[in-house]
2 protein chains.
Amino acid sequence: MITTTNIQELCKLIRKDILESTFYAKSGHPTTCLSSVELVTVLFLKYLVFEPENYPQIYHDEFILSKGHAAPLLYSIYKKVGIINEDLKTLRKLGSLLEGHPSVKLNGVKYATGSLGQGLSIAVGAAWARKYHKIDSKVYVLIGDGEFAEGSNFEALNIAYKYNLNNLCLIIDVNRLGQSEETLFKHNLDEYVKRLDAFGWEYVVIDGHNIEEIEGAYQKFINGVNKPFAIVAKTFKGKGVSFLENKENWHGKPLQTLDELNKAIQELNIQNEEVSVNVSYRRYPYSNSVQNKLIPVEVEYKEMATRQAVAKAITKVGKYINNLVVLDADVKNSTYTEYFEKEYGDRFIQCHIAEQVMTGMALGLAKNGFIVYLSTFGAFFTRAFDFVRMMMYSKPPLVIFVGTHAGVSIGEDGPSQMALEDLAMFSSLIESTVLYPSDSVSAQKLLINVINQHLQGKLNGIVYFRTSRPSTSILYDINEEFEIGKVKVLRKSENDEIAILSNGVPLFEVIKAYNKLKDEGINVRVIDVYSIKPLDEDYLVRALDGIKKVLIFEEHSLYGGMGQIVSSLLLKKGNVLDYFEIIAIDKIPLSAPANDLLNYHNMDYFSIYNKVKQVV
Amino acid sequence: MITTTNIQELCKLIRKDILESTFYAKSGHPTTCLSSVELVTVLFLKYLVFEPENYPQIYHDEFILSKGHAAPLLYSIYKKVGIINEDLKTLRKLGSLLEGHPSVKLNGVKYATGSLGQGLSIAVGAAWARKYHKIDSKVYVLIGDGEFAEGSNFEALNIAYKYNLNNLCLIIDVNRLGQSEETLFKHNLDEYVKRLDAFGWEYVVIDGHNIEEIEGAYQKFINGVNKPFAIVAKTFKGKGVSFLENKENWHGKPLQTLDELNKAIQELNIQNEEVSVNVSYRRYPYSNSVQNKLIPVEVEYKEMATRQAVAKAITKVGKYINNLVVLDADVKNSTYTEYFEKEYGDRFIQCHIAEQVMTGMALGLAKNGFIVYLSTFGAFFTRAFDFVRMMMYSKPPLVIFVGTHAGVSIGEDGPSQMALEDLAMFSSLIESTVLYPSDSVSAQKLLINVINQHLQGKLNGIVYFRTSRPSTSILYDINEEFEIGKVKVLRKSENDEIAILSNGVPLFEVIKAYNKLKDEGINVRVIDVYSIKPLDEDYLVRALDGIKKVLIFEEHSLYGGMGQIVSSLLLKKGNVLDYFEIIAIDKIPLSAPANDLLNYHNMDYFSIYNKVKQVV
């Protein structure tokens with residue numbers, strides 16, 4: 001039996017851990033931790049169904065710390081309940097797994113947090129996964145009141161309501177103080193309540209330091225609710241230490257002197273240095289029914305847009321992989337994920353026009369047993385860049401982002417709908433794979449390749465596919481293989497005077513120019529750069545064997561695109577060129593038919609032809 | 001006197017324009033336009049206070065079309081009221097200013113829209129600007145029900161409420177149908193009402209096709225409200241044409257045949273092909289009090305962090321420029337914009353942790369007479385990438401983004417707080433300036449330089465400053481000048497064996513290594529790349545005169561950083577190098593003291609020293 005006195009005593013010890021670990025780290029956010037101590041301790045001691053080993057699995061309840069800067073609290077409770085055994089005094093030291101914000105290298109940490117306003121979206125994915133598998137485990141997510149200002153939370157509130165995720169418990173720690181001043185709503189709990197109510201959630205309002213009120217709140221949730229559930233907890237930042245509690249200017253600051261530390265610990269009035277923690281570890285029944293057979297590489301040998309080709313391929317994959325899920329932001333008829341929805345509607349998630357919750361959910365799903373495919377216009381993934389960046393740090397098994405409508409060849413819809421910065425964005429992630437197939441064959445094969453490589457343990461994490469709007473002709477034989485990291489030499493002769501590297505729609509203009517130039521006796525090597533990252537520099541250099549002039553045509557910003565990546569590889573490899581130029585999108589595009597725009601940006605076949613004539 | 005009959009007849013003509021212009025363009029979103037016809041027509045004919053010339057200025061009411069794909073409706077009403085005189089049948093044709101989504105090249109278009117969910121945030125900025133100047137003009141923004149799912153709207157609802165922007169009228173066109181399926185809330189208007197109410201707004205619910213109800217709604221707003229005001233309008237997509245109205249699968253599709261077009265126009269039952277439009281054009285009284293004196297270049301000659309130096313400089317600028325406004329997302333004590341707040345609190349906007357509304361507001365402010373400075377951790381601008389991208393298309397006069405906490409040198413807080421992709425992001429914008437000062441002198445001077453250049457009409461648009469967390473020593477004399485686009489050769493001799501390009505905190509490690517190497521008789525050229533974009537390639541090549549070996553050290557992702565940009569310039573200029581290597585952040589950083597992390601990423605002085613020894 002865990003008594004209230006036991007919990008209170010344990011909370012004191014956790015407070016001590018927080019104060020000490022941040023004091024010795026000389027940095028950190030102790031006051032942020034102190035406001036959440038009771039909320040987290042009661043949960044772990046009395047309600048969370050879990051086992052310390054391999055926590056958290058889908059057959060456990062899981063707790064997500066959205067306010068990642070409260071990591072020292074997480075570490076302390078993890079240690080108390082046996083999830084970790086690290087020395088808390090190594091916090092924030094080189095080599096320690098106790099990072100300033102939770103890192104997935106540490107046992108029990110499934111999601112890297114620290115950019116605020118993301119935990120709830122992740123939790124929605126984690127809760128959806130449990131519902132899908134009809135498993136009774138629950139998802140708890142703790143957010144701070146400061147981060148409640150992030151719009152992503154409201155996207156997540158909507159989707160949780162839509163999917164009736166009554167296995168989801170949101171805990172809002174309303175401690176009144178943001179980093180630099182009071183939060184928007186201060187201690188006006190009613191502002192939170194009004195919003196939760198409007199978004200269709202159930203909720204309770206409690207004193208977040210009162211053990212019995214906290215117990216009542218969790219008990220209510222566990223007894224069963226009809227909607228997603230929120231606990232609005234009034235707390236005090238710095239709770240438990242008189243000179244920290246509810247005081248401004250203490251955000252992100254540890255105690256400064258040993259005297260301060262001793263004074264603070266004294267105030268905790270610890271009665272018992274060794275509170276026994278009797279947690280009954282258990283799990284929910286769950287049988288994993290994931291099938292992991294390799295996908296047969298069957299492709300439809302038909303001219304179509306690459307956006308359509310990858311969607312066809314993923315729909316085919318759906319037949320073989322029952323843990324594949326596809327997410328949309330109300331563009332399924334443009335990305336063609338409607339194909340998948342039609343076949344596997346129960347594994348298709350409509351997030352509506354809300355790319356942040358879509359990306360957060362993708363992570364929650366990926367970390368709960370799903371292979372995830374999410375697709376929208378490449379331009380609109382910029383909406384979720386912070387979520388994508390943070391997802392990388394969580395090291396998801398496999399999340400495939402498919403960005404459609406790359407570049408100016410989308411035509412009349414104009415620049416707002418054109419992905420022009422997507423390669424820069426996805427490549428800049430330290431760990432990512434970026435692919436850009438130009439025809440239907442390579443698109444389908446690369447998609448299946450990615451999944452098969454993942455199933456064989458060779459590829460993980462974030463994979464970005466850049467795809468085009470217009471239908472493009474077929475470049476490859478049905479038996480061609482596409483290795484990630486390589487390029488394809490499409491046209492080659494013994495006496496090539498120049499090489500052109502390209503991909504996407506401009507590549508087809510390059511081939512047209514090639515034909516015209518060939519007729520005039522000018523030989524051009526044409527290279528399809530379908531793998532942007534990785535890109536094997538030695539292979540690339542061999543593909544350019546004997547070449548002294550290089551042109552690059554790409555419908556992406558000059559900055560961060562394929563051309564600059566190739567530049568750095570060639571310069572590094574010491575390639576000496578007589579001529580090198582990147583023709584990219586370096587002025588703001590217009591709204592006009594695709595061919596007019598390719599011409600406007602000097603990447604239609606005639607401009608390419610002229611450029612080659614001028615250079616050779 | 002404008003009668004209801006007149007309005008109804010005009011609405012028919014506008015519907016005809018929409019159907020015809022999209023038919024001849026062979027693309028576009030007529031059905032999206034048709035649901036909003038009455039809402040927009042009544043506003044422009046009876047309520048909007050404006051003059052067609054130079055519309056919209058701050059002394060006009062302004063109308064923002066957030067659902068940018070309804071551009072044909074905008075063009076039609078603009079033509080009817082005399083704002084434009086284009087031929088509507090040039091819609092979406094090369095060279096036409098009537099783009100698929102509104103472009104600022106067209107008269108009367110102040111903001112490029114087309115990525116959904118941004119208009120309200122922009123409107124909040126525009127309304128705030130009017131309040132600040134105590135001018136009675138109003139801001140109207142029309143959003144679609146589909147885009148109401150974007151979380152950014154809720155950030156904006158909060159901030160409008162916080163600043164009590166009762167000069168702001170939000171019109172929600174609830175036409176039930178998204179692009180690919182029904183919206184989240186379909187025609188359940190109550191879902192909108194509940195949310196608006198919870199966020200503290202006033203509202204009315206109307207039939208969005210009923211002229212009198214629309215008039216009543218606008219009249220209520222104009223009579224004076226106490227809070228920001230919303231009109232929730234039930235409408236039908238495709239309204240007015242039987243085979244389009246309220247039908248699925250008509251999103252983004254024009255009529256397909258001339259027969260269809262004729263049938264649709266016939267159904268409109270046009271009584272009068274020439275409805276006279278009697279709009280009483282007028283403006284609100286307003287005297288522009290902007291002072292535009294150049295800023296004296298006085299800098300504080302003191303060692304400090306660059307994040308602090310730019311904040312000091314902008315606070316100094318505040319004294320000279322009374323139309324300067326500073327925005328924060330609850331990190332003012334880290335970005336030091338608290339200095340500005342202390343001096344000019346009435347020109348400081350606290351957006352709390354909501355980077356999207358902050359960026360949207362920045363655009364609304366910049367387009368209404370303000371020079372804007374907004375600052376947060378560089379990592380967190382990723383949250384607003386879509387807003388930044390779209391802002392570029394609106395061509396704002398001057399918006400200075402200051403990203404702090406660049407790279408691994410922030411230390412213990414770990415990767416979630418490190419800007420590692422910010423150079424890739426801001427450089428990838430087709431039109432942007434990206435600066436990265438390394439010491440306090442260059443930081444202050446560059447900031448003042450940017451403003452003075454803007455005041456002289458030489459620099460516009462988006463300027464990104466990358467700044468560091470740690471205090472760094474002074475590199476430059478107080479009289480040093482910093483031209484945008486140049487580099488600074490910090491160390492040079494007659495017989496340099498290698499050049500190192502760097503910036504930020506690693507640059508100081510480079511200088512330490514330089515000293516040690518010099519003692520050993522190895523001469524290194526050290527170059528400070530403070531201007532990432534533009535970067536004068538000829539100047540760069542001259543700075544590398546005689547150099548055959550180049551090393552780059554930067555605390556940014558390898559992809560999209562300074563190194564790849566430099567690569568492309570050197571390759572283009574035909575620089576032949578014996579050795580070239582970029583040392584960047586190519587593995588996920590840890591959480592540890594800054595020096596430990598610089599060492600972990602091979603950019604502490606000893607690693608640099610070793611690398612040079614190995615290469616020369």
Side-chain angles (χ1 to χ4, degrees), chain A residues 27 92-94 99-101 112 114-116 146-147 149-152 154-155 158 162 178-180 184 194-195 198 330-333 352-354 356 382-383 385-386 389 393 412-417 421 424 427-428 430 557 559-560 564 567-568 570-572 576 580-582 588 591-592 596, chain B residues 27 92-94 99-101 112 114-116 146-147 149-152 154-155 158 162 178-180 184 194-195 198 330-333 352-354 356 382-383 385-386 389 393 412-417 421 424 427-428 430 557 559-560 564 567-568 570-572 576 580-582 588 591-592 596:
Chain A
S27 68
R92 292 171 167 248
K93 299 278 200 309
L94 187 73
E99 299 207 348
H101 294 79
S115 182
L116 294 169
E147 65 178 308
E150 288 285 9
S152 50
F154 300 97
E155 298 179 9
N158 272 337
K162 171 183 173 172
Q179 170 175 326
S180 70
L184 189 52
K194 281 191 296 186
R195 285 165 177 76
D330 192 17
V331 288
K332 65 188 177 197
N333 52 346
H352 303 278
I353 309 176
Q356 291 185 90
T382 55
R383 200 62 162 256
F385 191 10
D386 198 25
R389 178 180 79 85
Y393 294 124
E412 293 87 343
D413 271 341
S416 68
Q417 318 293 302
E421 305 89 0
S427 301
S428 72
I430 292 169
S557 166
Y559 287 77
Q564 289 192 342
S567 304
S568 67
L570 295 184
L571 202 65
K572 182 180 168 197
V576 180
F580 177 80
E581 188 176 349
I582 305 167
I588 291 181
S591 156
D596 291 338
Chain B
S27 68
R92 292 173 166 246
K93 299 278 197 315
L94 188 72
E99 299 204 350
H101 294 79
S115 181
L116 294 168
E147 63 178 310
E150 287 285 8
S152 50
F154 300 97
E155 298 179 9
N158 272 339
K162 170 181 173 172
Q179 169 175 324
S180 69
L184 189 52
K194 281 192 295 186
R195 284 165 177 77
D330 192 18
V331 287
K332 65 189 177 195
N333 52 345
H352 303 277
I353 308 176
Q356 292 186 89
T382 55
R383 200 60 163 255
F385 191 10
D386 198 26
R389 179 180 79 85
Y393 294 124
E412 293 87 343
D413 270 341
S416 68
Q417 318 292 303
E421 306 89 358
S427 301
S428 72
I430 293 169
S557 165
Y559 287 76
Q564 289 192 341
S567 304
S568 68
L570 294 183
L571 202 64
K572 183 178 166 196
V576 180
F580 177 79
E581 187 177 351
I582 305 167
I588 292 181
S591 157
D596 290 337

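Values in this document were obtained by computation on a predicted structure and should not be read as measured data.
- Two residues are said to be in side-chain contact when any heavy atoms from C-beta on lie closer than 4.5 Å; E147(B) and D330(A) fail this criterion.
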In sequence, state the C-alpha distance, the side-chain angles, and the governing distance for E99(B) and D413(A), and then conclude on side-chain contact (heavy atoms from CB on, under 4.5 Å).
CA-CA 7 Å; E99(B) 299 204 350; D413(A) 271 341; over 6 Å; no
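- Considering every non-hydrogen atom in both S591(A) and G100(B), the closest pair reads OG-N, 2.8 Å.
- Your options are A112(A), P415(A), S27(A), G560(A), and the one with the most heavy-atom pairs under 4.5 Å with chain B is P415(A).
- Here the closest heavy-atom approach between residue A354(B) and residue E150(A) is recorded as CA-OE1, 4.0 Å.
- For chain B, the nearby parts of V331(A) are the backbone and the side chain; heavy atoms of each come within less than 4.5 Å.
- For Y559(A) against S427(B), the heavy-atom pair with the smallest separation is CB-O, 3.3 Å.
- A donor atom on one side chain and an acceptor atom on the other are not found under 3.5 Å apart for R389(B) and S416(A).
- In summary, K93(A) and D596(B) do not engage in a salt bridge, as defined by a charged side-chain N under 4.0 Å from a carboxylate O.
- Side-chain contact between R383(A) and S152(B): present, with at least one pair of heavy atoms (C-beta onward) separated by less than 4.5 Å.
- When every heavy atom of G114(A) is checked against every heavy atom of Q417(B), the shortest pair comes out as O-NE2, 2.7 Å.
- Considering only heavy-atom pairs separated by less than 4.5 Å from chain B, the leading option among K162(A), Q356(A), E581(A) is Q356(A).
- Under the 4.5 Å side-chain criterion, counting only non-hydrogen atoms from C-beta, F385(A) is in contact with E421(B).
- Summarising the geometry, atom CG belonging to L184(A) is positioned 11.0 Å from atom CD belonging to E155(B); distances are rounded to the nearest 0.5 Å.
- Summarising the geometry, atom CD belonging to Q564(A) is positioned 11.0 Å from atom CG belonging to L571(B); distances are rounded to the nearest 0.5 Å.
- Using a 4.5 Å cut-off between heavy atoms, S115(B) contacts chain A through both its backbone and its side chain.
- When all heavy atoms of N158(A) and R195(B) are compared, the closest pair comes out as OD1-NH2, 2.9 Å.
- Checked by atom type, the side-chain pair S180(B)/N333(A) shows no donor-acceptor distance below 3.5 Å.
- With a 4.5 Å cut-off on side-chain heavy atoms, S568(A) and I582(B) count as touching.
- Closest heavy-atom contact between S428(B) and S557(A): O-OG, 2.8 Å.
- Proximity to chain A involves both the backbone and the side chain of Q179(B), based on heavy atoms less than 4.5 angstrom apart.
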